[in-house]
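Below: one structure, written as structure tokens.
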Amino acid sequence: MKEIEIAVTLGREPEAESVRAAAARALGVQPSMVGDCIAVRRSIDARREPLWRYKYEVYRKGEAPAEAYSLPEYKDVASARPVIIVGAGPAGMFAALRLLQEGLKPVILERGKNVHERKRDIAALSTRSELNPDSNYCFGEGGAGTFSDGKLFTRSSKRGDIREVLHQLVAFGADPSILLDAHPHIGSDRLAGIVENIRHCIEEHGGEYHFNCRVDDISRNASGELTVTCRGGEKFSAPSIILATGHSARDIYELFERKGWALEAKGFALGVRVEHPQSLINNVQYHGKYQPYMPTAEYSFVTQIEGRGVFSFCMCPGGLLVPSMTSEGELVLNGMSNSSRSGKLANSGVVVSIEPEDFPEYAARGPLGLMHLQRDVERSMFRYSGSFKAPAQRMMDFCRRLPSKDLPHSSYVPGTVPAPLHELLPEHVSLRLKYAFPQVGNNLIRGYYTNDALLLGVESRTSSPVRIPRDSQTLQYLSVPGLYPCGEGAGYSGGIVSSALDGIRCAHACVGSFIG
């Protein structure tokens, strides 16, 4: 087997004869001796003339290709031993799918609503500023990832077999292009249906979903099993619990603190959402050669300012900004895109890395110190606005520490209010952003540093500021055997794919404990 690369103009696909000829040259044989040619990756190269670059695995005739991935078989688990899964986000859903394969019964407890009912709460939040603290952009079936474009950027195999995630997503309704693209995405308009299809599969094979079940306590009963008590008084018991609550479930961290269970402070990142006209990003990234048939341009960057990383996060081409707070009196923004990425504005988080030692004034709060910092910044944004309107400032005005007399149009439906974000953000963040934006515009993305760009506060839910420690081998919580902290909420992943892979790992570890 050899790998070859074929470049074609955007809007075209490689011709079979060209692929076969290139394969013959790579293999050192005549074209008639070329066997399978399998496309394994596609990426955009816009350094000069915009091109698709396809990577192929090519084989001689008679040579067997690498074994293709086969979808798993799900077993009927209606009468099998139960495993409780707290949270129906990517980690919880893929943990449940793996349990079906292993013959154990997933019992999923989700604090929010099913994905269709959740949509109504999200619409009320965006258009009428009515917040349901358990059903919003962060909480509910599918988790935060359901309404954040469905970017699937994790390609590393060190966490597990990524094919188990991508191929199952395709089986449940995602476009097969996610198996090929270097930067695949699904789109928020399609994710809801995929999430619902996963639920139907789990229920059809004997698994259970319980919505509106917000966990208030975890204890061990007289028989030695773990018991989850929900806010409505419902109780569920099982030998094992996979805790996959997501990065915004602060009440779970507070529950652990009240019980005296171990937690660890963990670094996270905080900053702003940045909106540019998508036409500007298209022209910059395609060097003025953008055409409507080309994929909507995106960007990413990482730089260092005074010893801390400043980087783009969750870039949404042709997307829109959404309110992602989970409690009254807070203001948080996130971004999302539909599958077409056809909106007129591009948005991205631009955030600064934060470590516990950066804010010694929060050290007295213990492991939850940075969680309280996160909450305090979100509350300060809300206090300034007095509503769900986002405090906003033009990019160059922010860096020059000047007020913005007017603001450009934003995709953020609740609206914006002119604000001195350079003062509202912690100085640790504000100063690094001040130096980063001109640097990015001068050295990394020409045209990025402009007063046509709008900064909106605050982007603070990049990841969990708390880690729930677990044994590196068994993946069980050190203080409570049988409890498996999992995914973003436990501090072990960041994004849809890595969370799904961690859910699979925890489910596998859980199965191992039954066998042992």
Q.
For Lys119 and Glu196: C-alpha separation, side-chain torsions, deciding distance, then whether salt bridge (charged side-chain N to carboxylate O under 4.0 Å, His left out) applies.
A. CA-CA 13 Å; Lys119 283 182 179 179; Glu196 187 173 42; over 6 Å; no
Q.
Checking Glu355 against Arg308 for the side-chain contact (heavy atoms from CB on, under 4.5 Å) test, could you report, in this order, the C-alpha distance in whole Å, the side-chain angles of both residues, the deciding distance, and whether it holds?
A. CA-CA 9 Å; Glu355 297 297 334; Arg308 286 288 178 260; 3.7 Å; yes
Q: Please test Tyr209 against Asn114 for side chain to side chain donor-acceptor pair (under 3.5 Å), starting from the C-alpha separation and ending with a verdict.
A: CA-CA 9 Å; Tyr209 272 76; Asn114 70 51; over 6 Å; no
(Q) Go through it in stages, so that I can follow the logic: the residues are Arg461 and Glu378, the test is salt bridge (charged side-chain N to carboxylate O under 4.0 Å, His left out), and I'd like the CA-CA distance, side-chain angles, deciding distance and then a yes or no. (A) CA-CA 10 Å; Arg461 305 289 178 95; Glu378 294 169 4; 2.8 Å; yes
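Put simply, the side chain of Arg199 never gets that close to the backbone of Gly142: no donor and acceptor are under 3.5 Å apart. The backbone N or O of Pro317 lies less than 3.5 Å from a partner atom in the side chain of Ser337, making a donor-acceptor pair. A side-chain donor-acceptor contact under 3.5 Å links Asp175 to the backbone of Ser177. Remark: the backbone N or O of Cys138 is paired with a side-chain donor or acceptor of Asn136 at under 3.5 angstrom. At least one donor-acceptor pair closer than 3.5 Å links the side chain of Tyr59 to the backbone N or O of Ala66. Side-chain atoms of Glu141 come within 3.5 Å of backbone N or O of Val115 as a donor-acceptor pair. At least one donor-acceptor pair under 3.5 Å links the side chain of Thr296 to the backbone N or O of Arg341.
Around the CD atom of Glu357, the shell of radius 6.0 Å holds more than 12 heavy atoms that belong to other residues, nucleotides or ligands. Crowding of Glu73 atom CD: a count of heavy atoms from other residues, nucleotides or ligands under 6.0 Å not exceeding 12. More than 12 heavy atoms of other residues, nucleotides or ligands lie within 6.0 Å of NE2 in His428, so this atom counts as buried by the packing criterion.
Note on Arg231 versus Asp134: no salt bridge recorded, every NZ/NE/NH1/NH2 to OD/OE distance being 4.0 Å or above. Using a 4.0 Å cut-off between a side-chain N of Lys or Arg and a carboxylate O of Asp or Glu, Arg470 and Asp502 qualify as a salt bridge.
Inspection of the Ser411 and Glu275 side chains reveals an N or O donor paired with an N or O acceptor under 3.5 Å. A donor-acceptor pair shorter than 3.5 Å can be found between the side chains of Lys266 and Ser463. For the 3.5 Å distance criterion, the side chains of Ser340 and Asn338 fail to qualify, holding no donor opposite an acceptor. Side chains of Asp216 and Thr229: a donor-acceptor N/O pair is absent below 3.5 angstrom, by distance only.
When each of Thr245, Asn212, Asp251 is checked for a side-chain hydrogen bond (donor to acceptor under 3.5 Å, both in side chains) with Arg111, only Asp251 meets the rule.
The nearest pair of heavy atoms linking Gly335 to Leu321 is CA-CD2, 4.3 Å.
Counting heavy atoms from C-beta outward, Glu117 and Phe211 have side chains that stay 4.5 Å or more apart. Contact annotation: the side chain of Leu331 approaches that of Pro391 to within less than 4.5 Å [non-hydrogen atoms, C-beta and beyond].
A cation-pi arrangement is absent between Arg163 and Tyr69 under the rule of less than 6.0 angstrom and at most 45 degrees off the ring axis.
Aromatic ring pairs are classed by plane angle as parallel below 30°, tilted from 30° to 60° and perpendicular above 60°; the pair Tyr477 and Trp261 is tilted. Classified by interplanar angle (parallel below 30°, tilted 30° to 60°, perpendicular above 60°), the ring pair Phe236/His210 is tilted. Using cut-offs of 30° and 60° on the angle between ring planes, the pair Phe313 and Phe311 is perpendicular.
The distance between the ring centers of Phe268 and His247 does not fall below 6.0 angstrom.
Not counting sequence neighbours, the partners of Pro414 by the side chain to side chain contact (heavy atoms under 4.5 Å, CB included) test are Pro323, Phe388, Tyr412.
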